[in-house]
Number of protein chains: 2
Amino acid sequence: MISKQQHELSGALSTDCMALLEPLLSIRYYADGELIFARGEYKAGLCIVLEGSVKVGNYGKDGRYFLSKVLKPYESFGEFTIFSKLPRTHTAEAYGESKVGYIGPSKLKKAIIKQPEIALQLLQSLSTRLHMSLEVMDDIKRLPVIVRIAKVLFELNREAGGLESHSLSQEEIASQLGVSRMVVSSSLKELSELGLIEKGYRAIRIPDTHRLLSWIKERQQIKDLL
Amino acid sequence: MISKQQHELSGALSTDCMALLEPLLSIRYYADGELIFARGEYKAGLCIVLEGSVKVGNYGKDGRYFLSKVLKPYESFGEFTIFSKLPRTHTAEAYGESKVGYIGPSKLKKAIIKQPEIALQLLQSLSTRLHMSLEVMDDIKRLPVIVRIAKVLFELNREAGGLESHSLSQEEIASQLGVSRMVVSSSLKELSELGLIEKGYRAIRIPDTHRLLSWIKERQQIKDLL
DNA sequence: GTATAAATGTAAACATATTTACATTTATAC
DNA sequence: GTATAAATGTAAATATGTTTACATTTATAC
């Protein structure tokens, strides 16, 4: 079970909010890799991951893929197709088998007017995500890749609820940060030599979360939040 | 006067929304450069620029400043201090003399419950800004600095309602993109040699908006939106 | 077990942007 | 007008990350 604080930090919707929205959702199941929405599409609707994961990112004209985020249950996407009249910014694909809830614009707006608590929850989710996005933007401007990689690993660990070992390839880390696999490889080597992480095949283990955090904090260029 | 579409594209609040909120705002005037909020502060409250401009950005521990955005009238900031319980991500300072409206958490939440239209407007603003932020993030990953500079200039032009000439220093462009002043200088030289812009002292002129846009579009790495 | 695919390690050549340093231009205050 | 400050131009040295290319390791399917 996910704690309340974790909801707030990830932008996921609270169980209270889900209780209000769940009856209104159309449910659909997706197979691994199946396309949910593509960048540029105009069909409006809020999507909420209910089971499994959804990979959100973009393929460039040259085929290069950059991952934006892997959404877990109760995380939503596509708000701007409803509240602004903007097309999808990202391609969303099922990441493993997954169950996704969908609600259209008019239905959602009506629900908000009727139950403004829903709006407060969505406002929380959106403002948290904007917050995170702005922080990452600052990191990109200020921090060297190795520190940003360390932060990604730390975040991964926090979101997973403090698990020690994580299954992900260096390629995935690279596509998330928008850097080459090679620089990820050499950064991980360095972090591993510092004893901050342990590398494996498609795996990273973080033996001591606190030590990793303090290493990151020493390299932080601006005042820490939280 | 700003058109409705421009509101939607910038994340500014609509005049309808302002009509609802204005009676609830505490007004305060700031002198040029005066601090409004600093990064890390916890005092919650939504701020709305009413007159003048507000510069939002961050100073690093080494003193380096990166500009996030210059907010114009009817643009808001600080949502996450209310809807999430997060501290200020950015330092906000008056940019020229300015008038700022302020509304505290409980007052705003009550207003939303009473008039859910306010929530819809805030949701629009937040989702638009998240949308923009994600697009910029993708640009950082994919585009060379010169193209990103061209996009910033194009955006500036669009937001100013198609004015030809703009007063800003190369240093300001650099701090917005998080790059060095020198690379801005050489990029502007290149753009100027291509006839896409004209340089001046603290000034950029865009002789032909459409030509600049098509130059940018040719270099776009992912599918265009809008 | 063996073959194959996927992931990782590594290094040289290259590209891009930063840093440092100083010259030049332009505006502004007196 | 002159002095000063602010902004811009430029270039060499350096740093950081990418690209290309291939070797090696590890998992998985047969």
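The sequence lines fix the lettering, A, B, ..., with proteins before strands; numbering per chain opens at 1.
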Asks: If I take atom NZ in residue A/K141 and atom P in nucleotide C/dA17, what distance separates them, rounded to the nearest angstrom?
Replies: 16 Å
Asks: Can a side chain N or O of B/K189 be found less than 4.0 Å away from OP1 or OP2 on D/dT8?
Replies: no
Asks: Is it the case that more than 12 heavy atoms not belonging to B/E97 sit under 6.0 Å from its CD atom?
Replies: no
Asks: Is a donor-acceptor pair below 3.5 Å formed from side chain A/R181 to base D/dG17, judging by atom type as modelled?
Replies: no
Asks: Find which nucleotide of DNA chain D each of B/R202 and A/S180 is nearest to by heavy atoms, and output the residue with the more 5' nucleotide.
Replies: B/R202
Asks: May I ask which nucleotide in the shown strands pairs with C/dA27, Watson-Crick or G-U wobble, both distances under 3.5 Å?
Replies: D/dT4
Asks: So for atom NZ, which belongs to B/K189, do other residues, nucleotides or ligands contribute more than 12 heavy atoms lying within a distance under 6.0 Å?
Replies: no
Asks: Reckon A/K199 has a side-chain N or O less than 4.0 Å from the OP1 or OP2 of C/dA7?
Replies: no
Asks: Please state how far atom CD1 in B/I173 lies from atom P in D/dG9, giving the value in whole angstrom units.
Replies: 11 Å
Asks: For A/S185 and C/dG9, is the shortest distance between a side-chain N/O and OP1 or OP2 below 4.0 Å?
Replies: yes
Asks: Please determine if a side-chain N or O atom of B/Q170 lies less than 4.0 Å away from the OP1 or OP2 oxygen of D/dA6.
Replies: no
Asks: Quick one: look up who D/dC22 pairs with, Watson-Crick or G-U, both distances under 3.5 Å, and put none if it's unpaired.
Replies: C/dG9
Asks: Starting at CD1 of A/I204 and ending at P of D/dT26, how long is that distance when rounded to a whole Å?
Replies: 15 Å
Asks: Between A/K72 and A/S53, do the side chains contain a donor N or O and an acceptor N or O under 3.5 Å apart?
Replies: yes
Asks: Is the phosphate of D/dG17, meaning OP1 or OP2, less than 4.0 Å from a side-chain N or O of A/R148?
Replies: no
Asks: side-chain hydrogen bond (donor to acceptor under 3.5 Å, both in side chains), that's the test. Do B/Q124 and B/S127 meet it? Break it down for me.
Replies: CA-CA 5 Å; B/Q124 181 188 92; B/S127 62; over 6 Å; no
Asks: What integer distance in Å separates B/L188:CG from D/dG9:P?
Replies: 7 Å
Asks: Nearest whole Å is fine: how far is D/dT8 C1' from B/M182 CE?
Replies: 11 Å
Asks: Under 3.5 Å for both donor-acceptor distances, Watson-Crick or wobble: does D/dT16 have a partner, and if so which one?
Replies: C/dA15
Asks: To the side chain of B/P144, which of C/dA6, C/dA17, D/dA7 is closest?
Replies: C/dA17
Asks: Using atom CD1 of B/I146 as one end and atom C1' of C/dA15 as the other, report the distance to the nearest whole Å.
Replies: 15 Å
Asks: Nearest-Å distance, CD1 (A/I140) to P (C/dA17)?
Replies: 15 Å
Asks: To the nearest Å, how far apart are B/R142 CZ and D/dT19 P?
Replies: 12 Å
Asks: Under a 3.5 Å cutoff, is there a donor and acceptor pairing between the side chains of A/S125 and A/R129?
Replies: yes
